[in-house]
Amino acid sequence: MPHKKRPASGLKRDSIPIPPGEPDFWIAQENLERLNRIATRSEKGEQVNVLISGSKGCGKTTMAREFAARFQRPFHEVHCGAFIDNEQWFGKDRLDDGVTWYRKSRFVQAIETPGAVVLLDEINRAHPEILSAILGLLDWRHSIWNDDLGYEIRVAGGVVFFATINEGDDYYGVNVMDAALRDRFSRTIMLDYMPCKAEAGILHKHGLAEDMALKLAVYANTMRKSVNPVPISTRQLLVTTEEMLDGATLRKAAETSIINALSDMTSKKMALEALQWLEDNPYVDENIEIIPVKSE
Ligand SMILES: Nc1ncnc2c1ncn2[C@@H]1O[C@H](COP(=O)(O)OP(=O)(O)OP(=O)(O)O)[C@@H](O)[C@H]1O
Ligand SMILES: [Mg+2]
């Protein structure tokens, strides 16, 4: 039986939710100021496009979500690497009682919500052709005609687009970000791992004793800054913390969360040697004071 095709589904949908905040999330003062300026601009009804660039696990995705939480904005996240065709941005056909409905995507619903924060996560994992389908939404046009919906999709006032990007040789499956696309993200925030003291504070807040939290943060910092840097992420340190809270020794915890995942033998050897050094020197620099995490 041929399916009758109807235009946009009138199905009622939940509104885009405001995410809960992460009180432990540490943001450098200069970035806090940047986020405040972005929020002010968006409050005036302007669309703002922000690129967040940085190493793995340094808080890029969480920062976009945290922005939405702090400024009480509806938040929608798109995993760009999961897109296989252009049409996915806008909606898809759904079969209901023998009738095919075109259902508008959550992405379109989000960009039509005034003041929403839309995260295009890991934007350089999407094929450039897929991203070119939304270029019109990201520039002065703020809109795109869509045949299936039968109308021009317009970005609502004050929408903030964040895009995150991992750049460098270490990232398999990423594309170099197209110049036309990059140009549309007129603001860039370069994120780095937190300073040692702040990171120790986070690990302590997650339950690790102060001295151990500091040791682990010093370890990660040393490895990140070595001649052949080993980018140990905050995420990995949080797993090390979990492992230790579950009874593992520092060595076993670090093996499970960091060292066993290293494929390069030189990095592995360095990480093990630094760990050995940490075990042999139980006292870390007493001049480093950890920053306690303030709960709001
Ligand atoms: N500044 C920070 N303050 C507190 N926690 C942090 C911070 N940065 C990262 N984390 C923690 O590390 C984990 C990873 O963060 P997130 O996923 O945001 O990083 P990412 O940069 O997006 O990683 P990826 O490159 O893998 O996508 C999260 O649990 C997050 O809470
Ligand atoms: Mg991320």
Side-chain angles (χ1 to χ4, degrees), residues 19-36 50-70 75-83 117-126 160-177 185 188-208 210 213-214 216-217 219-221 223-224 229-245 253-254 256-258 261-263 290-296:
E22 249 198 62
D24 294 355
F25 193 71
W26 184 89
I27 305 180
Q29 184 60 31
E30 57 170 2
N31 285 337
L32 261 183
E33 289 165 11
R34 283 192 176 102
L35 296 182
N36 280 329
V50 187
L51 188 66
I52 307 179
S53 163
S55 306
K56 67 163 183 168
C58 69
K60 300 180 293 297
T61 303
T62 315
M63 182 182 260
R65 173 183 287 269
E66 187 57 21
F67 174 89
R70 283 185 186 223
F75 177 75
H76 179 67
E77 180 177 339
V78 173
H79 300 284
C80 294
F83 276 65
V117 175
V118 179
L119 169 60
L120 304 172
D121 206 24
E122 310 205 355
I123 196 165
N124 54 337
R125 286 194 184 274
V160 179
F161 282 99
F162 280 102
T164 66
I165 180 169
N166 273 328
E167 281 177 304
D169 298 337
D170 291 346
Y171 300 105
Y172 175 75
V174 302
N175 302 293
V176 176
M177 201 172 163
F185 283 86
T188 302
I189 296 180
M190 288 285 300
L191 263 197
D192 203 349
Y193 297 113
M194 289 172 262
C196 200
K197 297 191 272 185
E199 200 162 37
I202 303 272
L203 302 181
H204 179 50
K205 183 83 192 288
H206 277 77
L208 213 54
E210 268 192 41
L214 195 51
L216 210 51
Y219 173 67
N221 242 269
M223 298 301 296
R224 289 168 189 156
V230 181
I232 297 175
S233 67
T234 306
R235 185 188 289 124
Q236 284 175 302
L237 296 185
L238 288 171
V239 177
T240 317
T241 301
E242 276 174 16
E243 282 285 297
M244 291 182 79
L245 294 177
T256 309
S257 57
I258 302 164
L262 294 170
S263 51
I290 80 170
I291 301 177
V293 175
K294 287 184 223 125
S295 293
E296 280 164 9

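Read the numbers this way: they start at 1 and go in the same order the structure lists the ligands and their atoms. Everything numeric here is computed off the predicted structure, so don't read it as measured data.
- Between I165 and F185, every side-chain heavy-atom pair lies at or beyond the 4.5 Å cut-off.
- Here E33 pairs with Q29, R37 under the side chain to side chain contact (heavy atoms under 4.5 Å, CB included) rule; sequence neighbours left out.
- Residue M194 touches ligand 1 through its side chain alone, judged by heavy-atom distances below 4.0 Å.
- Proximity of Q236 to K56: side-chain heavy atoms (C-beta onward) are separated by under 4.5 Å at one or more points.
- Within the 4.0 Å heavy-atom criterion, both parts of T62, backbone and side chain, lie near ligand 1.
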>> Using side chain to side chain contact (heavy atoms under 4.5 Å, CB included), reason through E199 and N221 one step at a time and then give a plain yes or no.
In response: CA-CA 9 Å; E199 200 162 37; N221 242 269; 4.0 Å; yes

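- Any protein N/O/S atom under 2.8 Å from the Mg ion (ligand 2) was counted, giving 1 altogether.
- Within the structure, ligand 1 has L238 among the residues with a heavy atom less than 4.0 angstrom away.
- Atoms of ligand 1 found under 4.0 Å from any heavy atom of I202, numbered from 1 in the order shown, are 3 (N), 4 (C).
- Of the candidates Q236, R235, E66, the one placing a heavy atom closest to atom 13 (C) of ligand 1 is R235.
- Contact annotation: for D121 versus ligand 1, there are no heavy atoms closer than 4.0 Å.
- Side-chain N or O atoms of R224 include none that pairs as donor or acceptor with a backbone N or O of P229 at under 3.5 Å.
- Heavy-atom contacts of E22 reach the following atoms of ligand 1: 31 (O) (cutoff under 4.0 Å).
- For atom 24 (P) of ligand 1, the nearest non-hydrogen atom from the set A64, G57, A198 comes from G57.
- For M63, no heavy-atom contact with ligand 1 is shorter than 4.0 Å.
- Here the shortest heavy-atom distance to atom 9 (C) of ligand 1, taken over S55, G54, G59, G201, belongs to G59.
- Side chain of K197 to backbone of L214: no donor-acceptor contact under 3.5 angstrom is found.
- Counting the atoms of ligand 1 from 1 in the order shown, those under 4.0 Å from a heavy atom of K56 are 25 (O).
- Close approach of ligand 1 to D24 is summarised as follows: ligand atoms under 4.0 Å from at least one heavy atom of the residue are 3 (N), 4 (C).
- In terms of modelled atom types and a separation under 3.5 Å, the side chain of E122 and the main chain of H79 share no donor-acceptor contact.
- When non-hydrogen atoms are compared, ligand 1 lies under 4.0 Å from neither the backbone nor the side chain of L191.
- The atoms of ligand 1 that sit less than 4.0 Å from any heavy atom of E122 are 27 (O).
- Put simply, no part of E199 is less than 4.0 Å from ligand 1, judged by heavy atoms.
- Ligand 1 places these atoms under 4.0 Å from at least one heavy atom of N166: 25 (O).
- With contacts defined as side-chain heavy-atom distances shorter than 4.5 Å, the pair T256/E242 does not qualify.
- When only interatomic distances are considered, the shortest N/O to N/O separation between C58 and ligand 1 falls below 3.5 Å.
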